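Written out below as structure tokens is the structure these notes cover.
In this text the structure is predicted, and so the values were computed from the model without any measurement.
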Amino acid sequence: MQAAPTFSHLLNVCKEEGSSLAQERVARGPTRPEENFWPFSMVSQGSSPSLLEALSSDFLACKICLEQLRVPKTLPCLHTYCQDCLAQLADGGHLRCPECREKVPVPPAGVAAFKTNFFVNGLLDLVKARAGGDLRAGKPACALCPLMGGASAGGPATARCLDCADDLCQACADGHRCTRQTHTHRVVDLVGYRAGLYDEEARERQAAQCPQHPGEALRFLCQPCSQLLCRECRLDPHLDHPCLPLAEAVRARRPGLEELLAGVDKNMAELEAARMAEKEALACLREQVARVGSQVEEAAERVLRALLAQKKEVQGQLRAHMEAAEEAARERLGELESREQVARAAAAFARRVLSLGREAEILSLEGAIAQRLQQLQGFPWMPGPSPCLLPQLELHPGLQDKNCHLLWLSFEKQQPQKDSGKDGAGSQEGEETQNRREDGARAPKEDRTPVPQKDGSQTPNVERAQTPKEGRSQMPQEDGGAQTGGRSNKKRKFKGRLKSISREPSPAPGPNLEDSGLLPKPIFSCSFPTRMPGDKRSPRITGLCPFGPREILVADEQNRALKRFSLNGDYKGAVPVPEGCSPCSVAALQGAVAFSAGARLYLISPDGEVQWRRALSLSQASHAVAAMPSGDRVAVSVSGHVEVYNMEGSLATRFIPGGKANRGLRALVFLTTSPQGNFVGSDWQQNSVVVCDGLGQVIGEYGGPGLHGCQPGSVSVDKKGYIFLTLREVNKVVILDPKGSLLGDFLTAYHGLEKPRVTTMVDGRYLVVSLSNGTIHIFRVRSPDS
């Protein structure tokens with residue numbers, strides 16, 4: 001049994017405590033908000049979060065119930081939730097974190113045994129004190145008047161004592177400053193306190209309360225027990241234990257936490273570098289694939305029509321290789337982003353605690369933060385992107401031998417080199433291909449001598465074309481590693497899934513022109529995202545139109561913006577829109593921009609000045625807008641008919657496609673105009689594409705099996721009148737002749753289409769396609785006679 005403490009021993013402890021508190025107060029000096037209080041000076045100013053940011057952001061909101069945290073509990077992964085919300089997630093002695101999906105064991109005593117987040121509790125107390133009432137609805141009552149025998153409800157409060165955390169009337173505030181015990185207290189005006197002017201000073205004067213002794217502040221740390229103590233706790237069971245004041249304990253343990261945090265920051269930098277390198281490698285591969293695809297097109301057009309079958313075979317190998325590489329890259333990018341997000345969340349929490357937390361809060365979370373940061377440092381970080389094989393086009397010398405493969409692909413490992421080197425290699429390769437094409441049949445190298453096959457045909461010895469299956473099986477051997485069966489099976493499933501997406505050509509009503517070389521051909525130009533740093537949400541592109549020389553205007557309905565991009569993907573700024581407007585469809589006129597938003601049609605200048613607005617029918621959810629070829633009128637679809645307005649906002653003409661007999665039978669969701677002055681629209685009520693002249697006379701209409709049972713989507717017309725129709729459900733863009741007859745497929749999933757949304761034609765020869773994820777693909781339309 002422990003001996004009872006003597007009076008002298010207790011006296012020494014009290015003296016020691018008093019001296020430590022006095023030293024702490026002297027070292028701290030006058031408590032003004034502009035002085036460097038330690039929670040706000042521990043981390044560099046450039047990286048430390050502010051108190052205002054922590055109070056105004058969703059840091060104090062539970063990610064489960066989306067309300068302010070109640071009884072906040074912190075999981076080992078450093079994510080904080082309400083105790084009741086965690087109790088609902090507990091299942092079988094475990095729960096899974098809703099944010100990082102980490103499986104966490106529930107203590108035997110239940111979720112209440114999780115570590116209490118004193119840091120969040122302190123911020124919540126500050127928020128609750130600030131939001132105690134509405135000054136305009138009625139001032140809060142004084143807290144001291146009832147204690148002095150005044151009015152039962154107390155007088156109206158005009159000030160607040162930050163030390164006592166009480167609201168005071170003017171008389172009590174004046175008296176509060178004149179007493180011996182409270183003359184050093186900080187009394188501020190209530191309006192400024194509610195406005196947040198004294199948040200940091202009030203935060204400084206907060207004290208963590210002992211859960212065992214109400215009213216006693218936590219002042220010491222017991223070193224053997226690693227437990228926070230108040231004055232009463234230290235005088236009872238921890239009397240003989242070595243204890244440190246909180247400030248000294250924080251100074252002693254702070255370097256260890258900062259070292260762990262620096263290690264995680266380094267790991268995050270490596271993750272970001274690996275992610276960027278992976279994206280650069282994928283972009284390089286995509287450019288090379290596009291370049292080789294163009295070479296295949298150019299080589300195939302110079303030979304006889306009998307070579308078209310072999311051209312399709314080689315392009316199939318190229319696309320399959322790209323699909324497999326993209327799938328593998330998506331898996332690696334997903335893994336990198338997931339690990340980076342987990343590490344970033346933990347580091348942000350640790351940095352916020354170190355910069356804003358008080359001594360008691362930091363020490364209470366020190367064990368959990370250190371354990372989490374050590375765990376993150378032990379993660380197997382990926383050093384960089386895995387090498388990918390770049391395809392190269394090879395021309396066989398026996399061009400006239402129909403039994404020989406004239407085109408095949410070879411794959412090389414991507415070598416890290418400078419941009420100039422890459423350009424030089426590309427130009428050298430282009431010259432080599434051109435020389436090979438001009439000379440006709442050049443003698444092959446010795447290591448590429450043809451080897452007779454069983455069927456009598458000849459193929460190169462070394463550089464023979466690999467099937468996608470063979471290429472994937474050899475890639476791990478070249479890299480020096482073995483590929484797991486799981487990833488291989490996943491690639492096989494992904495390949496099979498793409499095979500099922502619209503590989504069959506669209507049925508044509510007349511002779512099939514796809515293999516005849518008489519249809520326009522797509523040539524990939526570039527691809528770029530439309531999300532800008534200022535966007536609060538993911539883009540949802542609902543309208544596209546050409547805007548100036550080699551520019552496009554993008555209607556982002558989700559972010560309420562009209563964005564300008566060049567055909568190379570360079571962001572050129574935005575056209576201001578009226579406040580509260582969400583642009584849907586857009587068209588560019590002479591020195592003006594027309595767009596629909598809700599049930600209104602707007603015409604604005606490039607500077608955003610509204611020239612006029614017109615109310616449209618409410619019976620249609622969205623209204624398609626198209627510019628006339630002359631550029632001085634705008635057409636809009638309204639309840640199955642087309643209205644045309646001039647630059648002054650007057651109605652120039654109005655018609656129903658097919659005449660009055662079709663009243664109520666049309667629903668034009670997408671609309672465009674052709675250079676010949678005709679109108680082309682997607683009719684969702686008739687499930688067809690209709691072409692009509694300026695008077696509404698129908699020139700042609702198609703609703704056959706080439707639509708694959710889908711509702712027709714966005715339409716665009718090139719300079720020769722060819723119609724490009726988007727079929728979103730099957731990831732296709734099909735081509736129709738100027739009279740609306742289906743000719744065949746123009747773009748498919750092989751070209752990177754994934755849920756295409758809207759399209760437009762720029763300069764009559766660039767087809768711009770937007771996807772549902774906000775990405776834009778640009779293809780050059782090559783006409784048959786070019």
Report task. Compare every heavy atom of A588 with every heavy atom of F547, then report the nearest pair and how far apart it is. Result -> CD1-CB, 3.9 Å
Query raised in the report: Which heavy atom in E326 sits nearest to a heavy atom in L282, and how many Å separate them?
Result: CG-CD1, 4.0 Å
**Report entry** Sole candidate of V634, L601, L651 that passes side chain to side chain contact (heavy atoms under 4.5 Å, CB included) when paired with E643
**Finding:** L651
Query raised in the report: Do N568 and S566 have side-chain atoms, one donor and one acceptor, less than 3.5 Å apart?
Result: no
Query raised in the report: With a 4.5 Å limit on heavy-atom distance, are the side chains of L665 and I656 in contact?
Result: no
Query raised in the report: Does the side chain of R654 pick up a donor-acceptor pair with the side chain of H641 at under 3.5 Å?
Result: yes
Query raised in the report: Are the side chains of Y702 and L736 in touch, meaning some heavy atoms are under 4.5 Å apart?
Result: yes
Report task. Just do the ring pair (Phe, Tyr, Trp, His ring centres under 6.0 Å) check on F655 and F679 with the steps written out, would you? Result -> CA-CA 11 Å; F655 64 86; F679 294 87; 5.2 Å; yes
Identify every side-chain donor-acceptor pair in residues 751-758 under 3.5 Å, counting partners at least two apart or on other chains, and give the distances.
residue : atom : partner : partner atom : Å
H751    : ND1  : T748    : N            : 3.1
R757    : NE   : I541    : O            : 3.4

Query raised in the report: Taking the side chain as C-beta and beyond, is there a heavy-atom pair between V636 and V644 under 4.5 Å?
Result: no
Query raised in the report: Would the number of heavy atoms belonging to other residues, nucleotides or ligands and lying under 6.0 Å from CD of Q685 be above 12?
Result: yes
Query raised in the report: Does the pair E557/K563 count as a salt bridge with the N-to-O cut at 4.0 Å?
Result: no
Query - Considering all heavy atoms, the nearest V762-E551 contact - result: CG1-O, 4.3 Å
Report summary line: Correct closest heavy-atom pair for G764 and D718 would be O-CB, 3.4 Å
Requested in this report: Kindly check if the number of other-residue, nucleotide or ligand heavy atoms within 6.0 Å of CD (Q676) is above 12?
Outcome: yes
Query raised in the report: Going from CD on Q697 to SG on C692, what distance comes out if it is rounded to the nearest 0.5 angstrom?
Result: 9.0 Å
Requested in this report: For the pair W612 and Y645, name the ring-plane relationship: parallel under 30°, tilted 30 to 60°, perpendicular over 60°.
Outcome: tilted
Query - Flag side-chain contact, heavy atom, 4.5 Å: C710 against V730 - result: yes
Query raised in the report: Where the side chain of D683 meets the backbone of A667, is there a donor-acceptor pair that is under 3.5 Å apart?
Result: yes
Requested in this report: For S714 and T759, test the side chains for any donor-to-acceptor distance below 3.5 angstrom and give the result as yes or no.
Outcome: yes
Query - Row check, Y766 ring normal vs R550 NZ/CZ: under 6.0 Å, within 45° - result: yes
Query raised in the report: Does A561 offer a backbone N or O that forms a donor-acceptor pair with the side chain of N559 under 3.5 Å?
Result: no
Requested in this report: Applying side chain to side chain donor-acceptor pair (under 3.5 Å), name anything that partners S538, two or more places apart in sequence or on another chain.
Outcome: R531
Query - E340 with R275: basic N within carboxylate O range, under 4.0 Å - result: yes
**Report entry** Residues R291 and Q288: side-chain donor-acceptor under 3.5 angstrom
**Finding:** yes
Query raised in the report: Are a donor atom and an acceptor atom from the side chains of D632 and S630 found within less than 3.5 Å of each other?
Result: yes
